[in-house]
Amino acid sequence: MSAALLAPPAKDIGCAEAPVLRERGQREVFCGLTGIIWLHRKIQDAFFLIVGSRTCAHLMQSAAGVMIFAEPRFATAIIDERDLAGLADANEELDRVVAQLLSRRPDIKLLFLVGSCPSEVIKLDLSRAAQRLNVTHAPGVRVLNYSGSGIETTFTQGEDACLAALVPEMRPAATRSLLVVGALAEVVEDQLRRLFEALGIGPVTFLPPRRAADLPGVGPNTRMLLAQPFLAETARLLEARGAQRLAAPFPLGAEGTTAWLQAAATAWGVDPTLFRSVTAAGEARAAVALARHRDQLAGKRIFFFPDSQLEIPLARFLARELGMVPVEVGTPYLHRQHLAEELALLPAGTRLSEGQHVDRQLDRCREARPDLVVCGLGLANPLEAEGFATKWSIELVFTPIQGYDQAGDLAELFARPLVRRTRLMV
Ligand code: SF4
């Protein structure tokens, strides 16, 4: 696939100027605490202490149950109901829990206090608690805080809030570098690092880093590529530190990956011939892997409920590389700037919706009778019972899906529910 093919024809601007149905109503999404499930595996010497209720503890246990290691890197400090007079005790209790944790776990170098939404937690000032605990536990441990509350954040915004908390910790950097922003599986990170190296682009750093001490620097010579579409606040803070965002689609599928790499290659003035020679093999591997799923997916109609903010890039990939037909693409938030390149590539006529009014969306979905519905866990079972094939959007965040070598796996995630349904019907 050549880079020239990536630009939409002059008159075809896809969904760049398409109207967006804005909806406000009941939401069916996980809260930002969920982000801890992938973030705790990414930053290997960090610990996430949720300051929350029993509900928060249960959510984390059931969502992460299958992934807990012998020494988990997250836990919940349960703050029971108490009045304002009891807040001093709550702070003391928090200090005691943190001291106990850190003395038992000297491997922890970065501690996040993660806020939640129960009213007794909202009354606690976690940023002051973090400052206080920093004084006690410096220099060995850095204590930061962010909110994963369901009132303020959805599912993937927990990662945005966590990375935004790291930005003020980044040292100033004067030299030119590429900063890749967004948690990626290590296998994906290593593949991308090799591609940048082959292109002569560097130094390349990643946010979040694998270890707290490797937190990258940032400054006016930093060029950043967003690896995830849900990092509005993190990007805003990095821009305020001088970093310049390289506009690109997201690295999903062969086309997205090439265009994403191209943005960095253009900024670094990489020779087009070198670019083609470095990216050709990955594109060819992806083409072979995608061909295996095209028969199953081409022409199938797909409906996205708003959940992960990955919906628009996924719809673009499925439409352009596998011939699927996006009927409606819902997203919790539509960041026009960060998604401009994606929207231009999305087939014209795709219905876009932002925010959630679950009953109306369900009505539209039933009316459209799509072949596949991408939605949260709460909607999947009822929709399956009504005869729809569904895909859980949370799986798309837990699975390595970015880059050339994951394109086939990404297609398979959508093909699998259709194959299963065909088998059930035989
Ligand atoms: Fe529920 Fe709020 Fe806790 Fe999330 S933070 S589990 S929405 S109580």
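Sequence positions, counted from 1, serve as the residue numbers for this chain. From a predicted model like this one, the values you see are computed outputs, not experimental measurements. Hydrogens, waters and symmetry mates are skipped; everything else that's a heavy atom, side chains included, is used. Counting starts at 1 for both ligands and their atoms, following the listed order.
Shown are the protein N/O/S atoms under 2.8 Å from atom 2 (Fe) of ligand 1, given by residue and atom: Cys117 SG.
Between the Asp45 side chain and the Lys109 main chain, no donor and acceptor come within less than 3.5 Å of each other.
Residue pairs satisfying the salt bridge (charged side-chain N to carboxylate O under 4.0 Å, His left out) criterion with at least one member in residues 159-180, sequence neighbours excluded, are listed as follows: Arg142-Glu169.
Here the side chains of Glu395 and Arg416 are in contact, with some heavy-atom distance below 4.5 Å. Looking only at side-chain heavy atoms (C-beta outward), Arg285 and Asp405 come within less than 4.5 Å of each other.
The side chain to side chain donor-acceptor pair (under 3.5 Å) test applied to Tyr146 returns no partner, not counting sequence neighbours. For Glu186, the side chain to side chain donor-acceptor pair (under 3.5 Å) test picks out Gln44, with sequence neighbours left out.
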